[in-house]
Structures are given as C-alpha cells and as structure tokens.
Novice: 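What follows is a single structure, and I will ask about it in a moment.
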Amino acid sequence: MNYADVILPLPLATYTYRIPEGMTVGEGCRVMVPLGEHKFYTAIVAAVHDRIPPFDVKDIYAIHDAEPVVRQPQLRFWAWLASYYICKPGEVYNAAVPSGLKPEGNAANAFRKKGYSPRMQAFIRHADAIADEDRWQAIFDSLKRAPAQEQLLLRYIDLSNALASPPLRKEISRKELLESTGILPAALDALLKKGILESYDREVSRLQPYSSGIRPLNPLSEAQASAYRQILASFQVKDVCLLHGITSSGKTEIYAHLIADILESKRQVLFLLPEIAITTQITDRLARWFGNKLLVYHSGFSDEERVEVWKRLLDADEGMLVLGVRSSIFLPFQNLGLIIVDEEHENTYKQQDPAPRYHARNAAIVLAQMHEAKTLLGSATPSVETYFNAITGKYGLAELMVRHGVGLPEPDIRVVDIKELRRKKIMKDTLFSPALTTAIRTAIDAGEQVILFRNRRGFAPVVECRSCGWTPRCPYCDVSLTYHKAHRRLECHYCGHLAAFPSLCPSCDSNDVKTQGFGTEKIEEEVHELFPDAIVDRLDFDAARTRSACENIINRFEAGKIQILIGTQMLSKGLDFGNVSVAGILNADHMLNYPDFRAHERAFQLMVQVSGRTGRRDKQGIVYLQTSQPDHPLIRLVEQSSYRGMIDIQLAERNSFRYPPFSRIIELVLRGRLEEPLHAFAEIYADLLRHKLGKCIFGPITPPINRIQNLYIRKIILKIEASVHVAPIRSLIDEIDSQMKAHPHYFKVRIHYDVDPQ
Ligand code: ADP
Ligand code: ZN
Ligand code: ZN
C-alpha cells in the first residue's frame with residue numbers, strides 16, 4: 001500500500017498522499033500532511049491503496065496514531081453524511097472531531113505544541129520511610145514549634161487515612177488539602193522541603209464523575225410495561241419504533257428499562273436530547289440509575305472536555321450510556337445497541353449553519369443501522385413525517401396516553417377570545433384576560449406555580465412613528481428591529497445589530513415614536529404591575545444567554561424559588577416541572593399565520609408542549625390560550641389536544657400540495673452582496689436545473705426575509721417525489737455546479753444545499 005486518501009479539516013473532497021517508505025498507515029488514523037506552501041494539517045486516513053494517482057502527490061509528513069481514532073462504521077457514517085447532505089467530507093470531519101484532536105500549524109515543528117493537553121493535578125503523599133507509629137511520633141515531636149505544619153499534617157493523615165494500610169488510603173490533592181484547612185501554602189511547602197510529605201503530578205479527568213451510588217429502576221406501571229413490550233416486539237421486525245406518549249406518562253422510565261437491557265449486553269446507548277433539556281434534572285435521574293456508565297456531552301463543554309469524552313469512548317470496552325445533544329452522533333461509538341431520540345419532533349435537531357446541515361434524528365437512524373442497532377423515537381407530539389412512517393408501517397408504534405400516577409389525561413385547555421374582550425373594552429391596555437389574571441392570582445396564593453408563554457423575545461417587535469409611519473429596520477437584514485427596554489435599545493434578531501431607541505423620529509422629527517406588539521420582556525413588566533408580590537423570572541435568549549444562566553433559572557423554578565416564569569419556546573423543551581398548575585399562552589395568532597408549510601404543525605407542537613408542563617401528580621393543569629382567532633381549526637384541535645386531528649388535516653394538505661412526507665425537499669441557497677447579479681445568476685442556475693429535472697424545480701424564489709447580514713438570498717427549491725431515487729439527482733446537481741463555475745459571478749455567490757430543510 002503506497003498511497004492514502006485522507007480527509008482534511010477543510011471544505012474539500014479527499015486528497016491523496018504518498019506513504020513514505022517504512023511508515024505504516026491505517027484507516028482511521030490521524031496523519032500530519034502538508035498543504036500549500038507552509039501549512040500542515042491533521043488529516044484522517046479514509047483509505048489506503050496502490051492506485052498510482054495521475055498527478056504528483058506529496059508525502060505524508062508524520063503519523064499520529066498507531067490505533068485508529070476514527071473507526072468503522074464511523075467513517076462510513078461520515079461518507080453517508082457528506083453524500084446525503086451534499087457537502088464535503090472535510091466539513092463532516094470538522095464538525096465531528098474536537099479541535100484538540102486535529103492541531104494544525106504553519107511549520108511541522110510548531111505543530112506538536114497545539115492541541116489537546118491532559119489536565120495535570122498535584123497530589124500529596126507522605127514519604128515511604130514513615131512506616132510506623134514511632135516515626136510519626138518523632139515527626140510530630142519535631143513540629144512542636146510549628147503549629148501550622150503540625151495541624152496540616154494532622155489534617156493530611158485524617159483526609160488520606162495515611163495510618164491505614166495502602167488499599168484503604170485515599171489519594172488527596174494539594175488543592176483539597178489546603179482548602180480544607182485554610183492554612184497558607186507556606187506550611188505545606190515547609191513539610192515538602194523537610195521530606196515529610198511529597199508532591200507528585202497526575203493526569204486527572206475534566207469530566208464530572210457520576211459515583212455509582214446506584215438505585216434500582218422503578219418498576220413499570222401496567223400501561224408502561226405494555227408499551228415497553230410493544231417496543232421490544234416491534235424491534236424484532238423493524239429498526240425504528242416511535243413511542244408516542246403524552247408528557248409525564250413515563251417515557252423516560254421506559255427508556256431506562258431499555259437502556260438497562262442494552263448495557264447488560266455490554267453494548268452502548270446514545271440518548272439524544274434537544275440542547276436545552278440536558279439539565280441537571282435528566283442527568284441526575286440517569287446518573288442515579290446508571291452511575292459511572294453515564295457520559296454527558298453538551299455544547300457547553302470546552303474542547304478539552306470533548307476530547308476526554310472522545311477518549312473515554314475510544315477506550316470503553318463495556319456498555320456506556322451517552323446523554324448528548326445533536327453533535328454527539330459524531331462520537332466514536334463501537335457496538336451501539338440503541339439510540340433514543342427524545343422529543344424527536346424538535347427542529348433544533350437540524351443543524352442550520354455551517355455544513356453539514358444534518359438532521360440528528362434522521363442521521364441517528366442511519367447511524368444505528370450501520371451498527372445494527374435500533375432507534376427509538378419519543379415524543380408527545382411526533383413530527384408529521386415520523387408519525388406518517390409509523391402509521392404506514394415503516395416504523396413500529398407504541399402509545400402511552402395516560403399520565404403516570406392517578407392516570408389523569410392531558411391538561412384542560414381553555415380558549416380565550418381576546419378580540420371579543422377588546423371589543424367589549426373588558427381588556428384595555430393589558431395583555432391579560434380577566435380569566436387568566438384570576439387563575440394566576442389563585443395559583444400563586446395556593447403556593448402553586450405559573451408559566452406564561454410567548455414565542456417572541458424583547459419588549460416589542462416593532463417601533464413606529466405615529467405621525468409619518470417610519471419604522472427602524474436593520475441596515476444589514478431585511479427585518480425591523482426589536483425594542484429591548486432593559487437596555488433601551490433596538491436589536492436585530494438576525495445579526496445582532498444594535499441601535500439606540502430614537503427619542504425623535506429621524507424622518508419627521510416628531511416625538512410620537514411608539515412601540516407595537518409585545519414580547520416576553522413586556523409581559524414581565526406587566527406581571528410585575530399586576531402581581532407585585534410574586535417572584536417572577538424570564539427564560540428566553542436574553543435572560544439565559546449562557547448554559548449556566550439557563551440551568552440556574554430552571555433549577556430555581558424547580559426548587560419553587562420562582563412563582564411565575566415567562567418564556568419563549570425554551571419553556572417547551574421537555575422540562576419536567578412538578579408544581580405548575582396554570583399556563584398562559586399569550587396570543588397564539590402570529591404562530592398561525594407564518595408562511596411555511598410546517599407552521600401549523602409547529603404551532604400545535606409548541607402549544608401542546610407548553611400545556612404539558614402543567615399539572616401535578618394529583619391535579620389537572622389548566623391552560624389559558626389567548627387568541628383573536630378562537631374558531632381557527634388549529635386552535636380547536638389544540639383545545640381538544642387532538643393530535644390525530646392535527647395529523648389528519650396536515651397529511652391531507654401535504655398530500656395535495658406534495659410536501660414532505662410525500663416528497664423530499666432540497667433547497668439550493670444562493671447568497672450575494674448585490675441583488676441584481678445574484679438574481680440573474682440564480683435564474684440561469686434554475687434554468688439549467690429545470691432543463692435536466694423538469695417540473696420539480698421551483699424558483700428562484702425570494703424568501704420572506706430576503707437579506708441577512710448584508711447578503712441577499714435566493715432559493716431554488718427541488719421537490720422530489722418520495723418514491724424517486726435521489727442518488728442520480730445528486731450527481732446531476734454536481735454536474736450543473738461544475739458547469740456554473742464558468743460563470744463570471746460563480747465565485748461571488750455563496751452556494752449551499754439544504755437537504756430536508758426545516
Ligand atoms: P415523560 O418522560 O413521559 O415526560 P417521566 O418519565 O418524566 O415522563 O415521568 C413523569 C413523572 O412520573 C416522573 O417524575 C417520574 O419519576 C414519575 N414516574 C413515571 N413512571 C413511574 C414509575 N413507573 N414509577 C415511579 N415513578 C414514575
Ligand atoms: Zn416620523
Ligand atoms: Zn440584522
């Protein structure tokens with residue numbers, strides 16, 4: 001074998017290098033290769049072969065690993081992702097591997113300095129020579145005039161159990177010893193200098209340990225056990241099963257039983273959750289059941305921690321449970337037995353930017369098949385696509401339609417007609433209907449909690465001059481700016497651009513500049529006025545910009561330290577609150593009128609998910625759904641919690657317009673600084689596509705928001721019948737793309753594909 005095809009961490013296809021004499025290179029190993037004049041990169045070997053390339057190739061400079069860090073079927077999975085999502089293998093590699101494992105540099109010698117470094121920690125032990133009580137006594141005698149040293153040594157003996165035989169002793173770090181005594185380091189240094197104590201460095205893990213104080217699983221209720229058996233039966237004949245179970249029906253308990261089965265057989269489990277839901281809540285629950293078999297992987301991790309998770313999995317020779325977010329599908333699993341995708345309907349499973357623009361749920365199904373493992377999708381409101389697959393027999397289906405405990409059904413949803421209330425002047429200058437206000441008052445007086453949902457952050461989405469109609473817009477995006485009152489400024493929710501709130505209209509100098517509409521910030525302001533005694537907080541992107549801020553709010557709400565929590569869709573993501581008796585959905589209307597074929601599905605899922613946060617073991621929750629379209633068919637379906645009703649309407653609509661799941665959509669997204677040339681370019685591109693593919697090509701279309709971050713946007717939509725094979729279409733797309741390269745504007749236009757856009 002003289003040549004290696006390698007994947008570079010760049011948006012490129014594989015490159016071929018020569019394997020120098022004497023070097024043994026294996027598939028999945030990391031190699032250092034030169035590219036261009038001075039650059040060196042860490043590449044992954046995708047294949048080794050003897051085919052002489054038709055052009056000059058460079059030599060591999062060095063090899064990093066004797067054992068592969070990327071294994072089969074991981075490499076096969078990468079290849080599938082690049083092909084299905086129409087992107088480069090290097091883009092998949094970049095997303096998949098933490099940067100600490102792929103150092104790069106300008107010269108070969110600078111190279112080794114970068115990348116992952118293990119965390120070292122100083123530990124303290126006593127000198128070997130101090131072997132018996134007499135020696136200890138002599139040492140303490142010698143410390144009579146140094147009380148700090150004496151005290152420190154006593155503490156050391158206490159903490160480390162130093163007088164016991166070696167197997168009973170405990171390793172103690174320098175930091176722990178000093179912190180537990182509060183004594184200054186000088187005393188310790190003196191003991192080290194005298195040779196009584198010794199310091200040594202050892203590599204320690206950055207990952208939080210989950211001690212194995214393990215609790216047994218809860219026995220399943222009859223309904224749960226029946227769903228569990230249905231899942232197992234469907235796994236006998238199908239690769240994928242949907243668990244459709246209402247909130248708090250005990251889906252997580254069923255997952256736990258399935259996980260235990262797999263771990264028993266020494267295989268691995270991946271448990272996927274949408275980003276925000278990996279809170280202490282679910283982590284604690286799983287840690288209590290599975291102890292140190294649990295490995296958590298979320299986006300708040302440093303690159304160093306990512307590397308450690310990666311290494312832990314590479315070394316794992318027994319069953320492991322990985323609880324992770326979307327990107328954890330890239331971890332180096334071996335011998336996966338089961339993937340659980342909880343809240344499978346969540347659209348945050350779709351990666352938007354940059355490539356690979358994968359859908360973690362769909363990719364997980366493929367990954368599982370490559371491991372000959374099964375996939376369980378769980379949700380209270382499954383996506384239309386998944387449900388369609390379940391009722392047409394492609395997936396298995398298990399249902400769980402009662403809440404655990406007293407077997408209460410879903411919450412009581414009451415529609416409030418705010419248009420009528422406004423007309424009758426019952427609701428004036430307020431966001432709260434009398435029914436909702438009373439319910440909140442009663443709940444907080446009874447020591448219960450309330451959540452208020454509005455899918456819009458900030459104070460007001462629009463600012464307008466009442467005398468000339470001027471509204472502030474983002475100079476870089478085709479959107480109006482949202483007013484954030486806390487900072488008295490305007491913000492673009494697409495690019496983050498900030499502007500001051502104008503005291504006078506810049507167009508006509510009038511001082512009649514007012515806000516329109518409302519977001520979570522305005523709700524919070526009014527809640528403070530209406531319920532001055534209540535403890536109120538907000539859960540949205542502004543209040544919880546960091547992971548820890550978000551967890552902090554959720555934990556305080558769980559602990560009952562917040563009475564009213566106001567939030568955006570962040571509230572709806574699989575959080576389990578025990579004491580919420582009332583929810584308010586403040587104006588569902590804009591969710592209904594959004595121009596997207598998934599708008600109604602989304603609106604239904606959001607409202608039902610928010611409603612699902614209410615209710616306690618012994619009490620049904622009540623939801624006030626405020627809308628000015630109370631007779632809208634979708635509102636009626638939410639009111640009845642009729643998931644099947646929503647599905648039937650959606651499937652009929654999608655069938656008649658040939659939307660997914662009856663077709664597959666690939667969007668070709670073109671972006672450029674100048675609108676005219678972009679549009680002209682997009683038209684030529686669309687014509688070429690139409691010439692080859694005919695009537696399945698739509699566009700170029702101008703999206704509702706046609707400029708973001710100073711780039712104009714055009715989209716060409718490929719709508720392919722579900723029965724048609726996609727592979728030949730992909731090669732056609734590639735062909736057309738290379739033809740377009742001749743166009744003078746090609747390199748001024750940014751082009752990417754979005755397969756199965758959400
Ligand atoms: P879901 O995942 O469907 O939302 P959970 O598994 O979180 O539901 O269950 C809701 C609550 O009921 C949790 O607090 C859970 O501990 C409790 N629960 C559910 N099933 C059982 C069971 N079989 N035994 C004990 N507690 C259960
Ligand atoms: Zn004006
Ligand atoms: Zn902007």
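Remember, it's 1-based here, ligands and their atoms both numbered in the order they're listed. Just so you know, these numbers use all the heavy atoms, side chains as well, and skip hydrogens, waters and symmetry mates.
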Novice: Is there a donor-acceptor contact under 3.5 Å linking the side chains of Gln449 and Gln563?
Specialist: no

Novice: Kindly identify the option in His404, Arg285, Gln281, Glu253 whose heavy atom sits closest to atom 5 (P) of ligand 1.
Specialist: Arg285

Novice: Angle subtended at the Zn ion (ligand 2) by SG of Cys505 and SG of Cys465, to 10 degrees?
Specialist: 110°

Novice: Determine, considering heavy atoms only, which of Ser379, Ala256, Gly250, Gly612 sits nearest to atom 9 (O) of ligand 1.
Specialist: Gly250

Novice: Looking at the Zn ion (ligand 3), is there an N, O or S atom belonging to His493 that lies under 2.8 Å away from it?
Specialist: no

Novice: Hey, are Asp412 and Tyr624 close enough side-chain-wise for a donor-acceptor pair under 3.5 Å?
Specialist: no

Novice: Salt bridge check: are Asp754 and Lys350 linked by an N-O gap of less than 4.0 Å?
Specialist: yes

Novice: Does Arg357 use its side chain to pair, donor to acceptor, with the backbone of Gln352 at less than 3.5 Å?
Specialist: yes

Novice: Is a salt bridge present between Arg714 and Glu675, judged by a nitrogen-to-oxygen distance below 4.0 Å?
Specialist: yes

Novice: Rounded to 10°, how big is the angle at the Zn ion (ligand 3) from Cys474 SG to Cys495 SG?
Specialist: 110°

Novice: Can you give the angle Cys508 SG - the Zn ion (ligand 2) - Cys468 SG, rounded to 10°?
Specialist: 110°

Novice: In Å, rounded to the nearest 0.5 Å, how long is the span from CZ of Arg454 to CG of Leu571?
Specialist: 13.5 Å

Novice: Does some non-hydrogen atom of Gly245 fall short of 4.0 Å from ligand 1?
Specialist: no

Novice: Tell me whether the Zn ion (ligand 3) has His497 as a neighbour, meaning an N, O or S atom of it below 2.8 Å.
Specialist: no

Novice: Test of understanding: given a 4.0 Å heavy-atom threshold, classify the contact between Gln224 and ligand 1 as side chain, backbone, both, or neither.
Specialist: side chain

Novice: Would Arg473 and Asp478 pass as an ion pair if we require N to O under 4.0 Å?
Specialist: yes

Novice: For ligand 1, does Ile246 get within less than 4.0 Å through its side chain, its backbone, both, or neither, judged by non-hydrogen atoms?
Specialist: backbone

Novice: Is it true that Arg326 and Glu346 make a salt bridge, defined as a side-chain N closer than 4.0 Å to a carboxylate O?
Specialist: no

Novice: Quick one: which of Asn218, Ile282, Leu217 has a heavy atom closest to atom 25 (C) of ligand 1?
Specialist: Asn218

Novice: Heavy-atom contacts with Pro219 under 4.0 Å: which atoms of ligand 1 show up? List them by number with element.
Specialist: 22 (C), 23 (N), 24 (N)

